[in-house]
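Shown next, in structure tokens, is the structure this report addresses.
Predicted model only: the values in this text are computed from it and were never measured. Protein chains get the first letters and strands the later ones, always in sequence-line order, with residue 1 at the start of each. Scope of the values below: all heavy atoms of this structure, side chains included, with no hydrogens, waters or symmetry mates.
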Amino acid sequence: MKRIYLDNGATTPTHPEALKAMEPLFTQKYGNPSSIHSFGQEAKVAVDSAREDVQKLINARSPEEIIFTSGGTEANNLAVIGAAMAGKKRGKHIITSKIEHHAVLHPCEYLEKELDFQVTYLPVDEKGRVHIDDFKGAIKEDTILASIMMANNEIGTLQPVKEFTVAARESDVVFHTDAVQVAGTMPLDVQELGVDMLSMSAHKFNGPNGVGALYLRKGVKVHPHMHGGGQENKLRGSTHNTPGIVGLGWVCRYARETMDEKVKHLEELRDMLIEGIEERIPETILNGPRRERLPGNVHFCFPYIEGEAILLNLDLKGIAASSGSACTSGSLAPSHVLLGIGRSHELAHGSLRLTLGIDNTQEDVEYVLQVLPEIVQKLRDMSPLYNK
Amino acid sequence: MKRIYLDNGATTPTHPEALKAMEPLFTQKYGNPSSIHSFGQEAKVAVDSAREDVQKLINARSPEEIIFTSGGTEANNLAVIGAAMAGKKRGKHIITSKIEHHAVLHPCEYLEKELDFQVTYLPVDEKGRVHIDDFKGAIKEDTILASIMMANNEIGTLQPVKEFTVAARESDVVFHTDAVQVAGTMPLDVQELGVDMLSMSAHKFNGPNGVGALYLRKGVKVHPHMHGGGQENKLRGSTHNTPGIVGLGWVCRYARETMDEKVKHLEELRDMLIEGIEERIPETILNGPRRERLPGNVHFCFPYIEGEAILLNLDLKGIAASSGSACTSGSLAPSHVLLGIGRSHELAHGSLRLTLGIDNTQEDVEYVLQVLPEIVQKLRDMSPLYNK
Amino acid sequence: MYSDKVMDHFTNPRNMGKMENPHGESQVGNPTCGDIMKIAIKVEDNRIKDIKFQTFGCGAAVATSSMITEMVKGKTLDEAMGISNKAVAEALDGLPPVKMHCSNLAAEALHKAIEDYKQRKKGKEEG
Amino acid sequence: MYSDKVMDHFTNPRNMGKMENPHGESQVGNPTCGDIMKIAIKVEDNRIKDIKFQTFGCGAAVATSSMITEMVKGKTLDEAMGISNKAVAEALDGLPPVKMHCSNLAAEALHKAIEDYKQRKKGKEEG
Ligand SMILES: Cc1ncc(COP(=O)(O)O)c(C=O)c1O
Ligand SMILES: Cc1ncc(COP(=O)(O)O)c(C=O)c1O
């Protein structure tokens, strides 16, 4: 059976060339980059060069502003908990949004529950956008940190981050953005955006799992989250994951070189999918904006039916998709993001996310458009809520 | 030039077969193991099977007691900070030793400084051993956690962990051990040891960098350290590093199969090195015990000379070694471990660690024994402290 | 994730659909928790003569609905009332722990449909 | 980690060893910080005629000692006193940031040796 992977928002295949670039670090240049001998120095050269690749992708001012982590979650934890703990003498109020990834929400909840911080969770509109007036209105005397994601991983909504950073700067609020869904997929310029911190993760753009980075603007203070050795400018202990870091560097370079094509390719397929679904399936609800959304993200609610049942049927046809985010599958609660944009519980349970990647083709889209309508109809026919 | 790697205590080469086992996870079974589609389920099978391999290596009761992390540091952070935060209502006192790895000491210091915990840092004897009487004496009404490493990464000393766990259990103190230097290198049985938590790291025994595990005995409560998705039984957010986890599983299996040979091989070379150095170089000081030490660890102080200068000279001869631990190189402070066993600053600066791995041979040892005496003599001749 | 039996019932659900003039009927669950099950029965000689289900829910919900209809068709009402959640899950070769609540739903729906039948019958007899 | 120049001076240190009957001498640093440097000079016509060093320390410490002896040999005392830490580091094509303090030590040792020479001379002249 033909297998079509449309869950690139969850994770992507590692590019074979990235893997090739990583291989010497496993078996030849296997030294610890903190060691002064030649094995270590070889590894250090590789890590330094990857750091520059990351720097260039996001236009950071210097490679020292890049802190390697074990992924997007750790980058978010370091940013949110690290900046909160470092700033707690100035104040204990944090601003975030209701539709952040759990890797931001859970650190915030932890700070609230265990460490006496106050967190404002900003609402979003029906498209999933945080409004600048709400943002400004939430800033208080003791606000030290704001974290608003660049793009939502479920419904693909892009946020007007630049507006927030201007307001944050005016009030001396450190601003973090979770750009895990954006980095490597859309052009990104931390200077232009004006963010203080930005999280990314290699496996979301054809790099390896288990490695990511936090951009930390020079001068911004955070406490380490991984307490240990003196690595990463004393901000992140633990022996460097040299192959992973080299893989991240490789995909950053690759993303820079292929960015324009990639965006164009994904947007074309995305719009084909969205329009095709709307044409072929009655009663659909597109989640997120039609245009200001991630180039590879398609997200619908199909009334009367349940998401997992759609996924299982798609899987039986060889199509890998998701409903909500991968890390919450297994949980029974409907997506906080869909509830956040005002969907009812019933609708929230009936959602489908198709996320495109660089390997997808027009044929893939056509195949989905061929099988999905039947699946939805079959499930509707089974549903006690459907009356047609 | 022949190159000899004798820094296996810092990190080891990844076994080519482990890499081969990992490869499909990068480019074929690349799904997110939390996803329900076939790509995800393939990955999940691989992760589950690796979890059983880890379980078996350390004889945990069930695979659910294994939490995958990004390495030894994260395992230690999760254990120490996680158990401290989960237990803080019962008390805020922690016991550890003066010669722990920074990945335990720094979390302890963080808990002290930022979160009002009290930490007792137990002294060690001249061989680096913590004494059970000191341990018992330190337990107080409000002691909730003790963390004593199984084997010291610098001087190789093995601790009588079993004695500590008996005492800890009697006083309802959760007991963690950092076994990063032991796991995969010496037989390990968590049930026999009686530990509640145990940290390990793949890259210390020919697995990949950037992956490790915490053994968490069923029933022991910890807060997550990586706050995010529901992965790892809600104890560790972040998309699984599937290739890394599979690599860890592979080396656990390999270590189990080759354990006896490995220990024998390392101990033979170790004793050859220790005896050879003592024979050929006047005025040497062996650090750590002669026998109850890590099978691959050799650690000396050479009076009158400085460690980095030894390393650089060895490196020029193709030999990779270390002085203190890799993660503190770059720091100017002498090793806290050597100061902990009572070495003077001067001696502490003049230390050399040679750590053997599975690839080392008798010829490697002979070569070291040939070049090291000359290097030491040359540096002594240069030293203002040497008067012969 | 699911056993072959679950997937079999999910892909080829037995007794799925609406029923004209059912003798007993029930709907359990609610959209908040993501599962709704409807069961309709026809009863003859105190036995379940015909049964149909409709389900809004995950794979486990569909499969347990389908399975339970197959299990009770032709059984006496007492036998059907004796079908437990556990029995349904076991007949499906088990369910993932997180999905165990779905088997509760199926048994609950069946039992309620039978009770509804009894109520109606009592109503008729009394009326 | 280190420049080629540093490694050159580290592997082939110039003017290393003890000196018989030095005209001026110094020892700086201490074992706590891990670096000790000893410099001995002979002076003729107000110029450094001969210079020797001994060092307990890291690669940078050895290289800076060696380099500074080479830089000042034959120079007048005033010229030698003018040698700055920065100049030594630059002559070695730079040092890793964490090692910059080593170049301080070399200049300090040199300057102290010259002062010692001046003290001794003064002592002789006065005595
Ligand atoms: C928006 C967002 N933030 C954070 C993460 C977490 O990244 P990682 O899985 O690399 O820890 C993800 C994906 O899982 C994401 O989509
Ligand atoms: C005893 C000990 N604990 C913890 C660590 C940290 O492990 P990792 O580098 O995998 O984070 C190391 C090695 O670096 C170690 O030797």
Any side-chain heavy-atom pair from [X] and [Y] closer than 4.5 angstrom?
X      : Y      : answer
B:H203 : A:Y30  : no
A:L115 : B:L115 : yes
A:E23  : B:E23  : yes

For [X] and [Y], work out which heavy atoms get closest and say how close.
X      : Y      : answer
B:P243 : A:N209 : CD-CB, 4.3 Å
A:S35  : B:D7   : OG-OD2, 3.3 Å
A:F26  : B:P208 : CE2-CB, 3.8 Å

Around atom NZ of B:K92, are there more than 12 heavy atoms from other residues, nucleotides or ligands closer than 6.0 Å?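 Yes, NZ of B:K92 has more than 12 neighbouring heavy atoms, counting only those of other groups under 6.0 Å.
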Count the heavy atoms of every other residue, nucleotide or ligand shown that sit under 6.0 Å from NZ of B:K89, and state whether that count exceeds 12.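 No, the 6.0 Å shell around NZ holds no more than 12 heavy atoms from other groups.
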Most contacts with chain A, counted as non-hydrogen pairs under 4.5 angstrom, among [options]:
options                       : answer
B:G237, B:S38, B:G40          : B:S38
B:N76, B:L25, B:I319, B:T73   : B:T73
B:M85, B:E308, B:H15          : B:M85
B:A103, B:P16, B:G244, B:P224 : B:A103
B:E42, B:Q41, B:M22           : B:E42

Where the side chain of A:N77 meets the backbone of B:M226, is there a donor-acceptor pair that is under 3.5 Å apart? no
Does A:H102 reach the main-chain N or O of B:G228 with its side chain, forming a donor-acceptor pair under 3.5 Å?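 Here the side-chain-to-backbone pair does not exist.
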Is the A:H225 ring parallel, tilted or perpendicular to the B:H225 ring (thresholds 30°, 60°)?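 Parallel: the ring planes of A:H225 and B:H225 meet at under 30°.
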Check the orientation of A:Y110 and B:H227. Use parallel for under 30°, tilted for 30 to 60°, and perpendicular for over 60°. tilted
Tell me, side chain or backbone of [X] under 4.5 Å from chain A's heavy atoms, or both, or neither?
X     : answer
B:Q28 : neither
B:I81 : side chain
B:T12 : backbone
B:A18 : neither

Using heavy-atom distances under 4.5 Å, tell me whether [X] contacts chain B through its side chain, its backbone, both, or neither.
X      : answer
A:P107 : both
A:D315 : side chain
A:K88  : side chain
A:E109 : neither

Hey, what do you get for CD1 (A:I36) to OG (B:S323), rounding to the nearest 0.5 Å? 8.0 Å
Nearest-0.5 Å distance that lies between atom NE2 in A:H37 and atom CD1 in B:I4: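 The NE2 atom of A:H37 sits 13.0 Å away from the CD1 atom of B:I4.
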